[in-house]
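These numbers were taken from a predicted model, which means no experiment stands behind them.
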Amino acid sequence: MATTTTAAEVAGCTKEETGPFRIVLVNDDGVINPAIDVLIDRLAQIEDVEVDVTVVAPAEERSGTSDTSTPGGNAAYSVDGYPADAVNVALDSLALEPHLVVSGINPIADNCEALIAGEFQTDTLASTNIPACAPELMGELQEVPRALEIPEVPEGDSIFASLCDLADPAPADEIAAVRSGYPSLTQVEAEL
């Protein structure tokens with residue numbers, strides 16, 4: 001199993017309370033994105049908690065690879081699929097039992113005590129998607145529902161490619177928002 005263990009701290013959350021704080025780290029930019037290493041380093045700066053981080057992320061335009069590593073040398077599993085597929089692989093195929101799944105930069109320290117006490121709201125997850133547009137071309141954040149169907153796009157185009165034209169000022173869902181150039185915030189039911 002590919003894991004990286006580092007000392008970490010969170011006020012009020014000690015190793016005695018949690019044992020190693022197991023984290024599965026996913027991202028939507030692929031396993032080779034250097035942002036993964038930045039996030040691992042940030043998790044390592046939390047005090048008084050031993051953190052066991054396992055990276056399971058999309059392969060990013062590569063398929064069929066098994067174990068690989070991030071640019072910073074952190075062990076990782078690459079998955080031919082999307083971030084949700086990476087979480088499924090971590091939980092089902094790798095049989096990991098994380099305390100927390102992190103995708104992107106989240107306020108972990110702020111929520112640690114509530115997570116451990118079982119008081120943190122876990123019925124829904126907030127999904128934020130940012131279009132690949134220059135900031136000056138990006139629209140305002142849109143609170144939209146989850147896309148229930150994947151739209152058809154021209155061959156060779158990706159549903160995740162942002163047109164950055166702001167042509168859809170009232171997007172119906174997260175995919176429509178991001179394709180038009182708007183960041184999206186969507187509450188997604190936790191289906192664990």
Is the closest side-chain heavy-atom distance between [X] and [Y] below 4.5 Å?
X	Y	result
Leu148	Asp173	no
Ser184	Pro171	no
Ile130	Thr128	yes
Leu185	Val144	no
Phe21	Leu100	yes
Val87	Val24	no

#### Entry: Considering all heavy atoms, the nearest Gly139-Pro183 contact
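Nearest heavy atoms, Gly139 then Pro183: O-CD, 3.2 Å.
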
### Query
Pro58 and Gly81: which non-hydrogen atoms are nearest, and at how many Å?
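Answer, listing the atom of Pro58 first, then Gly81: CB-O, 3.2 Å.
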
Between the main-chain N or O of [Y] and the side-chain N or O of [X], is there a donor-acceptor pair closer than 3.5 Å?
X	Y	answer
Arg22	Glu97	yes
Glu174	Ala147	yes
Ser78	Val31	no
Thr186	Arg146	no

Distance, nearest 0.5 Å, that separates [atom1] of [X] from [atom2] of [Y]:
X	Y	atom1	atom2	result
Thr54	Leu25	OG1	CG	9.5 Å
Ser180	Gln142	OG	CD	9.0 Å
Ser93	Asn88	OG	CG	8.5 Å
Met138	Tyr182	CE	OH	12.0 Å
Asn129	Ser127	CG	OG	4.5 Å
Ile175	Ile150	CD1	CD1	5.5 Å

### Task
Examine Leu91 and Leu94 and state if one hydrophobic cluster contains both, with Ile, Leu, Val, Met, Phe, Trp and Tyr joined whenever side-chain heavy atoms are less than 4.5 Å apart.
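Linked within one cluster.
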
#### Entry: Hydrophobic cluster identity match, Val79 and Val26, side-chain contacts under 4.5 Å
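Cluster IDs for Val79 and Val26 match.
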
### Query
Under a 4.0 Å N-O cut-off, is there an ion pair linking Asp157 with Arg179?
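So Asp157 pairs with Arg179 through a salt bridge.
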
### Message
With a 6.0 Å cut-off (strictly less than), is the heavy-atom count around CD of Glu143, excluding the residue itself, greater than 12?
### Response
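Not buried by this count: 12 neighbours or fewer within 6.0 Å.
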
### Over 12 non-hydrogen atoms of neighbours within 6.0 angstrom of CD in Glu155
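No, the 6.0 Å shell around CD holds no more than 12 heavy atoms from other groups.
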
